[in-house]
Protein chains: 2
Amino acid sequence: MQEIPDHRRTDRIREALEEMIVEGRFADGERLDEVSLSKHFGVSRTPLREAFQALAGSGLVELRARRGTFVRFPSLEDVVEMFDVMAEIEALCGRYAARRMGPSDRIAMQVALRDCEKAAAENDIEAYYRANHEFHAAIYRASGNRFLAGEAERLHRRLKPFRRLQLRVRGRIQASLAEHGRIFDAIVAGDDAAVSAELRRHIAVQGDGFADLAAGYRATTGGKRTGAM
Amino acid sequence: MQEIPDHRRTDRIREALEEMIVEGRFADGERLDEVSLSKHFGVSRTPLREAFQALAGSGLVELRARRGTFVRFPSLEDVVEMFDVMAEIEALCGRYAARRMGPSDRIAMQVALRDCEKAAAENDIEAYYRANHEFHAAIYRASGNRFLAGEAERLHRRLKPFRRLQLRVRGRIQASLAEHGRIFDAIVAGDDAAVSAELRRHIAVQGDGFADLAAGYRATTGGKRTGAM
DNA sequence: ATCAAAATTCTTGCATACAATAATGTTGAC
DNA sequence: GTCAACATTATTGTATGCAAGAATTTTGAT
């Protein structure tokens, strides 16, 4: 997997803005001012505007004609809907993985699982977050459907800020770890129905999960409603 | 649902190019020349380039740094993968619809179903295509998950050229019609498992379906491999 | 003081200009 | 004739300029 040099301001700025939005550096509904941002990045408005177009594609910003570009947080309802879909997509990946997984896929999952355990033992949330992502990404790839894996990755990325908050809930990491173990075992056993059920349960926002998400949601969005930058 | 007057060249061009690509007016891998297209649309390169960024988001074109913008057809393998995912997404929509559908959703489906029958009776493939889309869109909406409905709609749109070809296969329309009937009945009965199974079967590319798709795929892409415009 | 209309300022959308890189063509050595 | 080095052309990426629309402020009537 070679890295393409890609020295294009448009791309650099798109990535930077994506990161900033996902990290919550802007308020919901905040207008992305072209001139101040172009000063901030040291570029002209042209690459900025191109980056806006790309960002609109992933739904991170909304382009309103003759009004400007506005960052758009999904509503709590949107997030719940996205988690519902994510749960099903993950379940689907897992079902395929249980049937199609190859040896290298198994190793990738095992490595990620080990990293999860290590991060949990050290109580390192950041590391757990990364290892968790890698575990799930390994399942996506093991599905043997690259389009599906891409969609799953995209959605996972979009839900990043909200999942992150869920992990901070007391005891969630230990529970997550146990779930990972069951998921992995079911995949290795080739029990696609079990994998599907475990993954759906692992991702879904139900019961306490919903309360945790709602609390986390308010924590993320609540503090930055008025404007910044 | 008010329409916003969106007099922006970038948007107009994005839509036009999207249509042209989906309709197969470009060859696979063809470079979209900025100057000739800007002449063709009577605009400068700026809105064109912005449209390219937006199109890249939906995967219709590939932006290669310092090389240009190239239309990208999915490979046959890609298409099969996309249909697999589409089948699952539709099944999911149907499952939700069976449980959550309201009276207006039911009416929308019935109307679309009626239109399908009418188009089939008149052997009007174009009309059948539209009514078919409306029937499926009604199911998406009936799912009660707007995010899911949006994703389904997006994927449906992307598969448009390939589905169109499948419908031309002899007897396919009659079969499709019968399947629609069973899907509708199962939704009304609230039998989510049956809906799911029927939809999966309806969409999936398996057995003869695969052969039909492959033949259609070669028919679409085969003729335009070398370049146009 | 309140509100509407006009004037002003700000911002977006687009065209154009120009620099940097890639593609193409040409020349010359062997 | 082949191929490499150089020159030329074409094309992309970005900055800048300008016009049209939106937001804001000012003005004036009541």
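In what follows, chains are A, B, ... by sequence order, proteins preceding strands, each numbered from 1.
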Once you round to the nearest 0.5 Å, how far does CG of Asp84(B) lie from CD1 of Ile89(B)?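 Asp84(B) atom CG to Ile89(B) atom CD1 measures 11.5 Å (nearest 0.5 Å).
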
Rounded to the nearest 0.5 Å, what's the gap from CZ on Arg158(A) to OG on Ser58(A)? Could you check?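 If I round to the nearest 0.5 Å, the distance is 7.0 Å.
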
Measure the distance from [atom1] on [X] to [atom2] on [N] and round it to the nearest whole Å.
| X | N | atom1 | atom2 | value |
| --- | --- | --- | --- | --- |
| Arg49(B) | dT16(C) | CZ | P | 16 Å |
| Arg64(A) | dT11(C) | CZ | P | 16 Å |
| Arg66(A) | dA20(D) | CZ | P | 10 Å |
| Glu62(A) | dT12(C) | CD | C1' | 16 Å |
| Leu37(A) | dA15(D) | CG | C1' | 17 Å |
| Arg8(B) | dG13(C) | CZ | P | 5 Å |
| Asp33(A) | dA22(D) | CG | P | 18 Å |
| Phe52(B) | dT14(D) | CZ | P | 15 Å |

Are there more than 12 heavy atoms of other residues, nucleotides or ligands under 6.0 Å from atom CZ of Arg114(A)?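 Atom CZ in Arg114(A) is not packed in, count stays at 12 or less.
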
Classify [X] by what it touches in the nucleic acid, base, sugar-phosphate, or nothing, heavy-atom distance under 4.0 Å.
| X | result |
| --- | --- |
| Arg67(A) | sugar-phosphate |
| Glu50(B) | nothing |
| Val43(B) | sugar-phosphate |

Determine: side-chain N/O of [X] to OP1/OP2 of [N], distance under 4.0 Å, yes or no.
| X | N | result |
| --- | --- | --- |
| Thr46(B) | dC14(C) | no |
| Arg9(A) | dA15(D) | yes |
| Arg45(B) | dG13(D) | no |

Classify the side chain of Thr10(A) and the base of dT14(D) as holding, or not holding, a donor-acceptor pair under 3.5 Å.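 Counting by modelled atom types and ignoring angles, no donor-acceptor contact under 3.5 Å is found here.
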
Determine, for Phe70(A) and Arg64(A), whether the Lys NZ or Arg CZ falls below 6.0 Å from the six-membered ring centre while staying within 45 degrees of the axis.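 Positive - Arg64(A) is close enough to the ring of Phe70(A) and near enough to its axis.
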
Out of dC14(C), dT11(D), dT16(D), whichever nucleotide has its closest atom nearest the side chain of Ser44(A):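 That would be dT16(D).
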
Go through the steps for Leu148(A) and Tyr140(A) under the test side-chain contact (heavy atoms from CB on, under 4.5 Å), then give the verdict. CA-CA 7 Å; Leu148(A) 175 61; Tyr140(A) 305 160; over 6 Å; no

